[in-house]
Amino acid sequence: MRIAQVMAGAPIGGAEAFFERATIALHNAGDIVLPIIRRDAGRAERLRAAGLQPVELAFGGALDFMTRPLVRRALQDFKPDVVMAWMQRAARFTPQGPWVLVGRFGGYYDVKYFRHCDHLVANTHDLVRMITAAPWPPARVHYLPNFVEDFAGSRPAELPAASSAPRLLAMGRLHPNKGFDVLLRAIALLPRGHLYLAGAGPEEAALRALAAELGITERVSFLGWRRDIGALLAAADIFICSSRQEPLGNIVLEAWSATKPVIASAAQGPSELISDGKDGVLAPREDAAALAAAIAQLSENPERAAALAAAGRAHFAAAFAEAPVIAHWRRLLADLKPARRA
């Protein structure tokens, strides 16, 4: 199968990272894959290192009149069976043609930006329900899950010394959606525990100031943006996802792969992924006291933490590891047909 993957996203981000993993995995599975990407030296180099030849284009703003015809030309030359446009900007620049055009949802986007697509795919069942209610023909919207790297057996990272145990890890862009302010307030309610926060973003100064205001500066390590996710997870005792908004939660899957117990706020994605009390713990959003109580309870019960971690690992292996997910992708993409257009 000949598959073109169009990505116009930022240099860092969960969807962008998964685009790279999925594109490389499809190539490794035997498909002929063309990545068309927004210019980014790091992304292009990683794709080339995997044996792919990305096309790099501007994917600019409203006055970018060149990218769309260049995308069309690249697709006409490549002659794909399927073209997948990742998120709104890529969909805007990707034209119809003698190929099946698929819009990929990893968040709660406005369906109107994808109305020229033949099919839509989404990485959670809740997104599928949202798209169908838009309305969108149910036969043309499909669940297509993410996979994450398997971090089992990773060597632990060397972290700054913990001022108190346990070692608590959180990761993500330092943005209000991630709820790290709630997590800091939860840490302040705990008598013990050291938070390692890996990420960068516009909220870093505000979060540092909040940690100082709460008197927990010595119990919080800001690690900056990190790519050694497996090593960080291996060094942690508990992983925490405190997001206010989280359409999926790749970070939950990554923690499961590393056999780490997970505590997450009950945002959209984690609520779909986690069976509360079976393979993780869900806490109400925006509730620092409830989050602190969940951390304390799991910290004080290592047997329960180990059982949750083992169940999370089993869930990952069955549904979110590379092999079963890529097999699902390849079956679905091979079955898609062009929509009848007026």
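Quick note: residue numbers are just sequence positions, from 1. Owing to the predicted nature of the structure, the values given are computational and were not obtained by experimental measurement.
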Closest contact, heavy atoms only, Gln96 versus Arg72: O-NH1, 3.4 Å
Please say whether more than 12 non-hydrogen atoms of neighbouring residues, nucleotides or ligands are located less than 6.0 Å from CE in Met1. yes
Leu26 and Arg330, any side-chain heavy atoms less than 4.5 Å apart: yes
Tightest non-hydrogen contact, residues Pro261 and Leu298, listed as CB-CD2, 3.9 Å
Determine the minimum heavy-atom distance between Ala85 and Thr94, stating which atoms define it. CB-OG1, 3.9 Å
Would you confirm whether the ring centroid of His116 sits within less than 6.0 angstrom of the ring centroid of Phe114? no
Under 3.5 Å side-chain donor-acceptor pair for Asn123 and Tyr143: no
Transitively linked via ILVMFWY side-chain contacts under 4.5 Å: Met87 with Val55? no
When you measure from the side chain of Ser242 to the backbone N and O of Leu183, does any donor-acceptor pair fall under 3.5 Å? no
Atom pair CD1/CZ of Ile37 and Phe59 - distance to nearest 0.5 Å: 9.0 Å
Output yes when Arg43 and Glu20 qualify as a salt bridge under the 4.0 Å nitrogen-oxygen rule, no when they do not. yes
Are Asp40 and Glu16 packed together at the side-chain level, in the sense that at least one heavy-atom pair is separated by less than 4.5 angstrom? no
Between Gly14 and Asn250, which heavy-atom pair has the shortest distance, and what is it? O-ND2, 3.9 Å
If you measure from the Lys or Arg side-chain nitrogens to the Asp or Glu carboxylate oxygens, is any gap between Arg173 and Glu203 under 4.0 Å? no
Output yes when a side-chain donor or acceptor of Tyr196 lies under 3.5 Å from a complementary backbone atom of Pro160, and no otherwise. yes
Drop me the distance from Ile263's CD1 to Cys241's SG, to the nearest 0.5 angstrom. 11.0 Å
Closest heavy-atom pair, Ile131 versus Ala122, reported as atoms and distance to 0.1 Å, is CD1-CB, 4.0 Å
For Ala310, does its backbone N or O pair with a side-chain atom of Thr259 as donor and acceptor, under 3.5 Å? no
Working to the nearest 0.5 angstrom, can you tell me the gap between Leu291 CG and Ile240 CD1? 6.0 Å
Do Phe93 and Asp64 pass the side chain to side chain contact (heavy atoms under 4.5 Å, CB included) test, and can you show the C-alpha distance, the side-chain angles, and the key distance before you say yes or no? CA-CA 10 Å; Phe93 283 100; Asp64 179 0; 3.9 Å; yes
For Pro138, does its backbone N or O pair with a side-chain atom of Thr132 as donor and acceptor, under 3.5 Å? no
Go through the steps to decide whether Met171 and Ile229 satisfy the test side chain to side chain contact (heavy atoms under 4.5 Å, CB included), and finish with yes or no. CA-CA 9 Å; Met171 295 186 287; Ile229 296 171; 3.6 Å; yes
Atom pair CE/OG1 of Met84 and Thr23 - distance to nearest 0.5 Å: 9.0 Å
Name all residues meeting the ring pair (Phe, Tyr, Trp, His ring centres under 6.0 Å) criterion together with Phe19; count only those two or more places apart in sequence or in a different chain, and write none if there are none. Trp86
Any Lys/Arg nitrogen of Arg244 or Asp181 sitting under 4.0 Å from an Asp/Glu carboxylate oxygen of the other? yes
Quick one: pull up CG in Leu333 and NE2 in His328 and give me the separation to the nearest 0.5 Å. 9.0 Å
Looking only at atom types and distance, does a side-chain atom of Glu272 sit under 3.5 Å from a main-chain N or O of His125, one as donor and one as acceptor? yes
Could you tell me whether Arg115 atom CZ has more than 12 heavy atoms of other residues or ligands within 6.0 Å of it? no
In one Ile/Leu/Val/Met/Phe/Trp/Tyr side-chain cluster, 4.5 Å: Leu336, Leu101: no
Within 45° cone of Tyr113 ring axis and under 6.0 Å: Arg92 NZ or CZ: no
Kindly say whether Ala50 contributes a backbone atom to a donor-acceptor pair with the side chain of His27 at under 3.5 angstrom? yes
Are the ring centres of Phe105 and Tyr109 closer than 6.0 Å? yes
If we only count heavy atoms from C-beta on, is the Trp99 to Val82 side-chain gap below 4.5 Å? no
Flag, side chain of Asn301 to backbone of Arg304, donor-acceptor distance under 3.5 Å: yes
Should we say atom CZ of Arg48 is surrounded by more than 12 heavy atoms from elsewhere, each under 6.0 Å from it? yes
Would you say Leu75 and Ile36 make side-chain contact, with heavy atoms under 4.5 Å? yes
His142 vs Leu120 side-chain heavy atoms within contact, under 4.5 Å: no
Side-chain heavy-atom pair Asp276, Val281 within 4.5 angstrom cut-off: yes
For Ser243 and Glu246, indicate whether the former's side chain and the latter's backbone hold a donor-acceptor pair under 3.5 Å. no
Salt bridge check, Arg313 against Asp150: does any charged N sit closer than 4.0 Å to a carboxylate O? yes
Parallel, tilted or perpendicular, judged at 30° and 60°: which one describes the rings of Trp329 and Phe18? perpendicular
Any side-chain heavy atom of Pro80 within less than 4.5 Å of one from Ile32? no
Short side-chain to backbone donor-acceptor contact, Gln268 and Gln245, under 3.5 Å: no
Are Phe147 and Phe320 close enough that their ring centers fall under 6.0 Å? no
Full working for side chain to side chain contact (heavy atoms under 4.5 Å, CB included) between Ile274 and Trp256: CA-CA 10 Å; Ile274 294 171; Trp256 277 350; 3.8 Å; yes
Do we get Arg2 above Phe78's six-membered ring, with its NZ or CZ under 6.0 Å from the centre and within 45° of the axis? yes
Does Gly60 offer a backbone N or O that forms a donor-acceptor pair with the side chain of Arg89 under 3.5 Å? yes
Run the salt-bridge test on Asp118 and Arg140 with the 4.0 Å N-O cut-off and return the result as yes or no. no
Check whether any side-chain heavy atom of Arg38 lies under 4.5 Å from a side-chain heavy atom of Leu57, and answer yes or no. no
Same cluster for Ile295 and Phe180 if Ile/Leu/Val/Met/Phe/Trp/Tyr side chains link at under 4.5 Å? yes
Grouping I, L, V, M, F, W and Y whenever their side-chain heavy atoms are under 4.5 Å apart, do Leu273 and Leu144 come out in a common cluster? yes
Is there a side chain to side chain contact (heavy atoms under 4.5 Å, CB included) between Ile24 and Val33? Walk through the geometry before answering. CA-CA 8 Å; Ile24 292 168; Val33 185; over 6 Å; no
Common cluster, Ile216/Ile238, ILVMFWY with side-chain heavy-atom separation under 4.5 Å: yes
Between atom CG of Leu248 and atom CG of Leu253, what is the distance when rounded to the nearest 0.5 Å? 5.5 Å
What's the shortest heavy-atom distance between Ser299 and Pro166, and which atoms? OG-CG, 3.3 Å
